[in-house]
Amino acid sequence: MTQATPQLPSFSIILETENLENADLEGLSNSLASLVNQDIPPTQANEVILIDSGDAPPELLRQLCDRYPWIKVHPAPDSTGYYKAKMLGAELATGDIIVYADSDCVYEPRWLTRMLTPFSQGDRIQVVAGETTTRGNGPYGTAMAMVYIFPQYSGKTELAPTHQYFLNNVAFRRDFLLQNPIPAELPLYRGNCVVHVENLKRDGHTIWLNPQARATHAPPDGLSHFFWRFLLIGHDYYWQKRLIEEGQKAEGKGPKAEGRDPTVSGLGEKLKIGRDRISRLFHNNPRHALYFLLAIPIMLSATLLIYIGYWITRLNPGYLLEQMDAQTKK
């Protein structure tokens, strides 16, 4: 006797163009193509909303809308940042579930089914995260798989609680998200999700991970993007730590490691993460072993930029974001 397929909720898919500011515009075409190849076609969504804050050429958007008529482009002011764009999409959407995708990610064919299915288990499931990893080839791809934001695929298969999500691969019940919005007005470049997770955990909510809902994310594209992206990872580490500690103090809970700097106190944890990444890296794609030695100088450069970004921000908290804004306006 075959098991009945669970009734999936209505859903909306949200993308944005702000993430293309420093990335390859071809990534948006690849991302949309991967949505077309889903086992649940995007035409079954209540809507697929693309929030355009002026980072994609109008001609490209016209071509994409001709090719994918199910896209609804919603113009937003040029100043609309990544997180504001994501929340704007949630406000505009009508589906019970908001599924977030990014314009520089590619999604496996059963990704959408695996994002939506857990919500059929009942209202205890409010947030479902997938797993995102970094794609790339050769020494640079190996280096980015090791040091960029996204971990390697875990190899797990069961739905389980998790301590993080990435906004390029997560789904929320719409009502829940609007009641517990992602904070947009933070002094971060990226990483608001880390603060959001802490807020949700503090309020007793659980984030669920479906490790079979998988996506790949593009690595930094070009030297300038590499340079600024890793500096800003350091910037975000500083601010995430500070904001989380401030939240703990507001709740009457002091930081667990009062007075200890994360560049020192987190060394053991970082080494463990590094060992785990190497293990999963070679397990998931043995070809990385061919490039690992050549990738080491790139990894060291990226790590150095992270630490420089952290210490610059510690000394002058707003400096890097100001410089990044000045660069983008040139």
Side-chain angles (χ1 to χ4, degrees), residues 11-38 41-95 97-107 111-112 115 132 166-172 174 177-178 181-186 188-193 215-218 220-222 224-225 228-229 232 321 324-330:
F11 65 97
S12 303
I13 301 174
I14 310 299
L15 302 100
E16 37 57 52
T17 62
E18 193 273 348
N19 210 36
L20 294 172
E21 183 179 1
N22 294 306
D24 182 1
L25 289 175
E26 186 181 354
L28 177 56
S29 300
N30 293 336
S31 181
L32 293 172
S34 74
L35 294 182
V36 171
N37 292 329
Q38 296 296 308
T43 52
Q44 288 191 19
N46 281 30
E47 55 267 315
V48 179
I49 302 175
L50 178 63
I51 305 296
D52 174 35
S53 52
D55 297 293
E59 181 59 30
L60 172 64
L61 290 179
R62 283 193 292 271
Q63 292 174 3
L64 291 174
C65 289
D66 288 342
R67 188 183 308 169
Y68 308 118
W70 36 266
I71 296 173
K72 292 183 178 180
V73 176
H74 183 85
D78 291 350
S79 59
T80 304
Y82 180 74
Y83 297 97
K84 283 186 178 179
K86 295 292 192 182
M87 285 307 303
L88 175 59
E91 293 165 7
L92 295 169
T94 62
I97 306 299
I98 302 298
V99 182
Y100 281 121
D102 260 11
S103 48
D104 51 5
C105 284
V106 173
Y107 299 90
W111 166 76
L112 189 52
M115 291 299 290
T132 302
F166 297 109
L167 201 46
N168 56 51
N169 189 357
V170 66
F172 296 85
R174 180 175 181 270
L177 179 60
L178 295 180
I182 301 162
E185 299 295 340
L186 296 178
L188 293 162
Y189 177 69
R190 293 289 186 267
N192 298 42
C193 300
T216 62
H217 189 285
D221 180 38
S224 177
H225 190 194
W228 280 105
R229 192 66 191 90
L232 289 168
L321 275 188
M324 178 66 176
D325 289 342
Q327 289 287 326
T328 57
K329 290 174 181 177
K330 286 183 179 179

Undergrad: Kindly compute the distance separating CD1 (Ile71) from CG (Leu15), expressed to the nearest 0.5 Å.
TA: 8.0 Å

Undergrad: If we ignore hydrogens and angles and just use 3.5 Å, is the side chain of Tyr68 paired with the main-chain N or O of Leu32 as donor and acceptor?
TA: no

Undergrad: Under the side-chain contact (heavy atoms from CB on, under 4.5 Å) rule, what do Tyr82 and Ile182 come out as? Steps first, then yes or no, please.
TA: CA-CA 11 Å; Tyr82 180 74; Ile182 301 162; over 6 Å; no

Undergrad: Roughly how far apart are Tyr107 OH and Asn169 CG, rounded to 0.5 Å?
TA: 6.0 Å

Undergrad: I need the minimum non-hydrogen distance between Gly54 and Thr17, along with the two atoms involved.
TA: N-OG1, 4.1 Å

Undergrad: For the CD1 atom of Ile49 and the NE2 atom of His74, what is their distance to the nearest 0.5 Å?
TA: 8.5 Å

Undergrad: Atom CG of Asp102 and atom OG of Ser31: how far apart are they, to the nearest 0.5 Å?
TA: 7.5 Å

Undergrad: Please check: side-chain N/O of Ser103 versus main-chain N/O of Glu16, any donor-acceptor pairing under 3.5 Å?
TA: yes

Undergrad: Would you sort out whether Leu60 and Ser29 count as a side-chain contact (heavy atoms from CB on, under 4.5 Å), showing the intermediate values?
TA: CA-CA 9 Å; Leu60 172 64; Ser29 300; 4.2 Å; yes

Undergrad: Are Asp221 and Asp104 close enough, and set up right, to give a side-chain contact (heavy atoms from CB on, under 4.5 Å), and what steps lead you there?
TA: CA-CA 11 Å; Asp221 180 38; Asp104 51 5; over 6 Å; no

Undergrad: Just by modelled atom types, is the Glu91 backbone N or O under 3.5 Å from a matching donor or acceptor in the Arg174 side chain?
TA: yes

Undergrad: If I compare all heavy atoms of Ser53 with all of Pro77, which pair ends up nearest, and what's the gap?
TA: CB-O, 3.6 Å

Undergrad: Just by distance, no angles: are the side chains of Ser12 and Asn46 close enough, under 3.5 Å, to form a donor-acceptor pair?
TA: no

Undergrad: Which heavy atom of Ala184 sits nearest a heavy atom of Lys84, and at what distance?
TA: CB-CG, 3.7 Å

Undergrad: When rounded to the nearest 0.5 angstrom, what distance separates NE2 in His217 from CZ in Phe166?
TA: 9.5 Å

Undergrad: If every non-hydrogen atom of Leu321 is compared with every non-hydrogen atom of Leu232, which pair is closest and at what distance?
TA: CD2-CD2, 4.0 Å

Undergrad: Please name the pair of heavy atoms, one in Val48 and one in Pro42, separated by the smallest distance, quoted to 0.1 Å.
TA: CG2-O, 3.9 Å

Undergrad: Show the nearest heavy-atom pair for residues Ala93 and Ile98, with the distance to one decimal.
TA: CB-CD1, 3.5 Å

Undergrad: For Glu47 and Thr94, which I'm curious about, is there any donor-acceptor pair between the side chains at under 3.5 Å?
TA: yes

Undergrad: Quick one: do Tyr83 and Glu185 satisfy side-chain contact (heavy atoms from CB on, under 4.5 Å)? Show the steps, please.
TA: CA-CA 9 Å; Tyr83 297 97; Glu185 299 295 340; over 6 Å; no

Undergrad: Counting N and O atoms only, with roles assigned by atom type, does the side chain of Gln38 sit under 3.5 Å from a partner on the main chain of Leu112, one being a donor and the other an acceptor?
TA: yes

Undergrad: Supply the atom-to-atom distance Ile51 CD1 to Met87 CE, rounded to the nearest 0.5 angstrom.
TA: 11.5 Å

